[in-house]
2 protein chains.
Amino acid sequence: MYDVAAAAGVSHQTVSRVVNNSDQVRPETVDRVRRAMVRLGYRPSGTARNLAVRRTRSLGVVSFMGPLFGPMSMLLSIEAAARRSGYAAQLVSAHGLDAGQVDAVLEEVLRRDVEGVAVIAPTDQQAGMVAGLRDQLPVVAVEGRLGDDVPFVASDNEAGGRLVAEHLLECGHRTIAHVSGPEDWGEARQRTAGWANRLRSAGVEPGPVWAGDWSPESGYRAGVELLAHPRWGEVTAVFAANDSMALGLMAALHRAGAGVPGRVSVIGYDNTPESGWLQPALSTVEQQFDAVGAAAVERLVTSLEGGAAQAELLIPPRLVSRSSVARHGRG
Amino acid sequence: MYDVAAAAGVSHQTVSRVVNNSDQVRPETVDRVRRAMVRLGYRPSGTARNLAVRRTRSLGVVSFMGPLFGPMSMLLSIEAAARRSGYAAQLVSAHGLDAGQVDAVLEEVLRRDVEGVAVIAPTDQQAGMVAGLRDQLPVVAVEGRLGDDVPFVASDNEAGGRLVAEHLLECGHRTIAHVSGPEDWGEARQRTAGWANRLRSAGVEPGPVWAGDWSPESGYRAGVELLAHPRWGEVTAVFAANDSMALGLMAALHRAGAGVPGRVSVIGYDNTPESGWLQPALSTVEQQFDAVGAAAVERLVTSLEGGAAQAELLIPPRLVSRSSVARHGRG
DNA sequence: GTAGGTGTTGTTACCGCTCACAAGACGAGG
DNA sequence: CCTCGTCTTGTGAGCGGTAACAACACCTAC
């Protein structure tokens with residue numbers, strides 16, 4: 001910068017002004033400086049600027065990522081929202097669950113001088129491991145609670161579960177099985193709870209439940225067990241807690257000759273881009289990841305800029321009705 | 001830091017030594033400093049450190065991301081590889097293709113003082129827009145060439161296309177249609193080229209080709225057109241350039257009563273976690289994203305650390321044979 | 001007893017930028 | 001002609017670290 005200043009015959013401060021598009025500089029001078037910058041191949045140092053202004057305008061996104069549709073979509077929408085707010089996103093994803101490894105990741109993100117962190121920690125165990133961040137800097141929890149004192153934004157999974165139950169009830173189903181997500185995922189528990197509660201409030205007892213791990217395989221296994229279950233005869237619908245498990249489930253049903261939705265209806269959760277093209281087209285619940293990501297970043301930014309703490313926010317999902325659910329009985 | 005130094009009764013330099021785990025400090029002193037750090041809630045400033053050492057140890061990842069399986073997987077594996085090499089990943093994704101917007105993104109990544117950039121720009125247009133980065137700092141192109149002078153790492157799509165052709169030939173197919181990806185995607189062209197060339201070298205003329213856009217919808221549309229095509233009668237297999245299009249394609253075939261693989265075999269590309277659970281289970285080609293990401297980062301790091309430029313690298317994919325492809329004729 | 005390590009700590013000068021303020025030029029108003 | 005505000009530019013002091021070197025204590029070897 002001093003070189004540029006010398007080359008343009010001005011002071012370093014004037015160069016700084018030009019770089020920051022200050023309107024306090026004569027156009028002619030701006031020109032001279034600009035030319036000098038180009039000639040010398042000058043690029044301003046963001047690092048030095050950050051140090052001087054004591055802000056980095058960057059947010060950390062720590063996530064425990066597999067190849068899962070949900071977390072991935074979240075990540076993208078958070079990044080987009082952050083950039084819209086003028087922040088950069090430092091991506092830090094922990095793959096394993098090994099405590100030492102997670103700590104290393106956290107240290108890493110702290111070392112990077114991010115101003116705040118969005119944590120996507122959907123399992124309880126993960127949440128526990130990163131909870132300590134909260135007293136280091138502003139944190140927002142996304143899709144998985146981090147504690148009562150941490151702002152929290154998520155898709156409303158309980159509402160999603162209710163939506164499913166309602167839809168199935170409306171279609172006349174009275175014995176509904178469920179393939180849930182892993183029990184240590186808050187989202188999974190909430191989907192299950194919303195579903196079960198809504199059924200009960202309609203006087204219908206929830207049917208048998210299997211816990212899967214979100215994978216198609218686990219859906220398949222649940223399907224196999226369902227087919228062997230004593231109450232299989234009565235079951236007319238199954239709610240899978242995500243589309244992948246629904247897929248595996250349908251594969252098992254198909255293999256056993258139990259047609260969907262002929263013999264049994266199936267509904268999933270997520271609405272991946274593929275869901276509408278499965279055979280049969282899968283009814284499911286769609287989450288508004290963009291809205292969640294945007295809200296999360298907004299909260300983080302608000303608290304960085306001295307705003308008040310906000311209550312937790314749940315974004316309502318929406319039911320997507322397709323052909324894998326059929327009416328049943330006199331319904 | 002000076003506060004900590006004062007509180008511990010040492011010089012700032014000693015504090016610095018403690019922070020960096022220098023072995024030149026008496027254990028007793030280390031202790032005193034550590035305690036002071038905790039007491040004052042001190043956290044070192046990475047920014048200041050970066051400025052002083054003139055390194056940021058961070059890489060930019062600019063990508064043009066949709067919800068596509070490929071690019072997303074790449075992103076994750078790049079991040080992981082970067083962290084293994086001691087670098088952080090600045091995620092910058094451009095959603096639109098609007099030139100102004102892309103430029104803003106590029107400026108953003110430059111402003112962040114990254115030491116190098118991995119560019120995931122699979123279409124020619126995208127590649128054109130970001131090519132300018134190359135003379136600003138070290139760049140590695142991933143999954144989409146940026147120019148002859150930019151190191152390039154990708155999955156070997158031509159080999160993938162050949163693999164498909166070989167497999168289909170082996171199974172006795174002689175009239176093979178193709179649903180390709182968009183023509184301005186290098187990957188799409190290469191898959192098509194590998195497939196077509198391999199067929200020709202076996203004396204088989206490639207069948208009709210439709211260009212899709214990777215989406216299930218486009219696969220479906222191609223399927224509809226295929227069914228109406230004069231040569232539909234001869235076609236015994238279709239190669240879809242990704243699994244999503246294969247899914248849409250199969251939906252169209254199914255709807256028309258053309259069984260897969262009974263009437264016609266279908267093979268996809270990507271091997272998403274769901275592919276094996278479709279009905280029928282989809283034969284496909286699996287790419288080694290982790291290997292590509294690791295190689296990309298490795299190249300970037302090598303060139304940052306003064307290593308020699310390396311030739312481009314193509315990682316071979318692998319055929320996954322499942323039940324959507326059947327033997328045909330005397331095969 | 002003195003020269004010469006070795007281990008530990010302190011001093012000073014940057015890194016590349018911004019901030020607060022000072023300073024010079026210039027036209028307007030009295 | 002002098003004073004005052006406005007426009008534009010320059011000056012000096014940090015921001016929070018690291019690097020290079022100096023300095024001091026203490027021990028060993030001759």
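Below, chains carry the letters A, B, ... as their sequence lines are ordered, and counting in each starts from 1.
Close to dT11(D), at under 4.0 Å from its OP1 or OP2, lies no side-chain N or O of S11(A).
Distance check: R112(A) CZ to T56(A) OG1 gives 11.5 Å after rounding to the nearest 0.5 Å. With values rounded to the nearest 0.5 angstrom, S93(B) atom OG is found 10.0 Å from I120(B) atom CD1.
Of the possible polar contacts, one joining the R43(A) side chain to the Q136(B) backbone as a donor-acceptor pair under 3.5 Å is found. Within the 3.5 Å criterion, the main-chain N or O of E115(A) finds no donor-acceptor partner in the side chain of R55(A).
The end-to-end axis angle of the helix from dG1(C)-dC30(D) to dG30(C)-dC1(D), rounded to 10 degrees and based on five pairs per end, is 60°.
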For this session: Using a 4.0 Å heavy-atom cut-off, write out nucleotides 13-25 of chain D from 5' to 3' as B (base contacted by protein), S (sugar-phosphate only) or - (no contact).
Result: --BBBBBB-----
Let me have the donor-acceptor pairs involving side chains of residues 143-151 of chain A, under 3.5 Å, with sequence neighbours excluded, atom names and distances please.
unit_1	atom_1	unit_2	atom_2	d
E143(A)	OE2	S155(A)	N	2.9
R145(A)	NE	E312(A)	OE1	3.3
R145(A)	NH2	E312(A)	OE1	3.3
R145(A)	NH2	E312(A)	OE2	2.5
D149(A)	OD1	R134(A)	NH1	2.9
D149(A)	OD2	R134(A)	NH1	3.4

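Of all nucleotides in DNA chain C having an atom under 4.0 Å from a heavy atom of chain B, the first and last in 5' to 3' order are dT8(C) to dG16(C).
For R111(A), the side chain to side chain contact (heavy atoms under 4.5 Å, CB included) partners two or more places apart in sequence, or in a different chain, are E107(A), E108(A).
Counting only heavy atoms from C-beta outward, the side chains of L137(A) and L110(A) approach each other to under 4.5 Å. Side-chain contact between N50(B) and N50(A) is absent, with no heavy-atom pair separated by less than 4.5 Å. Residues E298(B) and V153(B) fail the side-chain proximity criterion, which asks for heavy atoms closer than 4.5 Å.
The stretch residues 2-22 of chain B participates, sequence neighbours left out, in these ring pair (Phe, Tyr, Trp, His ring centres under 6.0 Å) pairs: Y2(B)-H12(B).
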